Amino acid sequence: MRLDNMLLAEGVSGPEKGGGSAAAAAAAAAAGGSPNDGSIEHSDYRAKLAQIRQIYHSELEKYEQACSEFTNHVMNLLREQSRTRPISPKEIERMVGIIHRKFSTIQMQLKQSTCEAVMILRSRFLDARRKRRNFNKQATEVLNEYFYSHLSNPYPSEEAKEELAKKCAITVSQVSNWFGNKRIRYKKNIGKFQEEANLYAVKTAVDAASVSAQASQANSPATPNSGGYPAPCYTPDGRL
DNA sequence: GGATATGATTGATT
DNA sequence: AATCAATCATATCC
């Protein structure tokens, strides 16, 4: 029963939405090529699902046909035998019941394997990790800028995250993911990120300098930083 | 082609 | 609920 519900939920065993649905989905997937905005893998997924559904239905039909054929055959045999020996209707009923049970277990197996196929398809297509795309240059610029200019406490508030998300054209949870990854990877070996850190430190320093230069007439534009860099001080956290 | 970078997911922790 | 740490699956680089 669980299998039935599952297949129904996935739209495999439900009412067939016209035989051409699979073809239509496939055609849509093949024709529309440009907008990579999520629609493509979705239609691809749907096409594959439709394929599974088609196989499922044709197999199911085959089984049903075989079942009725076999039942007929047995009935004929019994009828023939009834001329030589008395056969009670109960016995016939029993035989039919046995046959139907046999075939329903076979159908069960079909349903199970179909379920498995659907699950595999799901994990294959709906797992976002499989269609990962890197953020564009300026998005990572913005994120890195924030990260390195808040290195002592790189935990943007909800509002800050929303701002960053807007600037980078990504979602808030993507911003959270990015900061989570960045923090852990930064602290994992700070050395590897030193260059990047310096780069963004200089960048923000230059920005600050240009801002102050607008206020007070510029004095030393060549050396943006006195002495060392502002010491990356994001110690991984209190807990050791 | 493998090494590395990177975004996303998962399970644990608080 | 937010974050960490490990891990997965893909992108990108060489």
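Keep in mind the model is a prediction, meaning the values are calculated, not measured. A note on names: the letters A, B, ... follow the listed sequences, proteins ahead of strands, and every chain is numbered from 1.
Side-chain contact annotation: A:N144 with A:K182, donor-acceptor N/O pair under 3.5 Å present.
In terms of position on DNA chain C, the residue among A:R132 and A:E158 whose nearest nucleotide sits closer to the 5' end is A:E158.
The CG atom of A:N177 sits 14 Å away from the C1' atom of C:dA5 (whole-angstrom rounding). Per the geometry, CD belonging to A:E141 stands 13 Å off P belonging to B:dT6, to the nearest Å. Protein atom CD1 of A:I184 is 5 Å distant from nucleotide atom C1' of C:dC4, rounded to whole Å. In this structure, A:N181 atom CG and C:dA5 atom P are separated by 12 Å, rounded to whole Å. C:dA11 atom P lies 17 Å from atom NZ of A:K137, rounded to whole Å. Distance, A:N189 CG to B:dT6 P: 12 Å, rounded to whole Å. Look at CH2 on A:W178: it is 13 Å from P on C:dC4, rounded to the nearest Å. Between the CZ atom of A:F179 and the C1' atom of C:dA1 there is a distance of 18 Å, rounded to whole Å.
OP1 or OP2 of B:dG7 has not a single side-chain nitrogen or oxygen of A:Q174 nearer than 4.0 Å. The phosphate of B:dT4 (OP1 or OP2) has no side-chain N or O of A:K192 nearer than 4.0 angstrom. Contact annotation: A:R133 side-chain N/O to B:dG7 OP1/OP2 distance is not under 4.0 Å. One finds a side-chain N or O of A:K188 lying less than 4.0 angstrom from the OP1 or OP2 phosphate oxygen of C:dA6.
For A:Y155, taking side-chain heavy atoms from C-beta onward, the closest of the listed nucleotides B:dT6, C:dC4, B:dT9 is C:dC4. With B:dA5, C:dT12, C:dT7 as the choices, the nucleotide that has an atom nearest any side-chain atom of A:R185 turns out to be C:dT7. Closest approach to the A:N134 side chain among C:dA2, C:dA11, B:dA5 is made by C:dA11 (side chain taken as heavy atoms from C-beta onward).
Under the 6.0 Å cut-off for aromatic ring centres, A:F193 and A:Y148 do not qualify, their centroids lying 6.0 Å or more apart.
Among the atoms of the strands shown, only primed sugar atoms or phosphate atoms (P, OP1, OP2) are found under 4.0 Å from some heavy atom of A:K161. Looking at heavy-atom distances under 4.0 Å, A:F135 makes contact with sugar-phosphate atoms alone, never a base.
Heavy atoms from other residues, nucleotides or ligands lying under 6.0 Å from NZ of A:K161 number more than 12.
When all heavy atoms are compared, the tightest approach of A:P156 to A:R183 is CD-NH1, 4.4 Å.
Residues A:F147 and A:V142 fall within the same hydrophobic cluster, defined by Ile, Leu, Val, Met, Phe, Trp and Tyr side chains chained together at heavy-atom separations under 4.5 Å.
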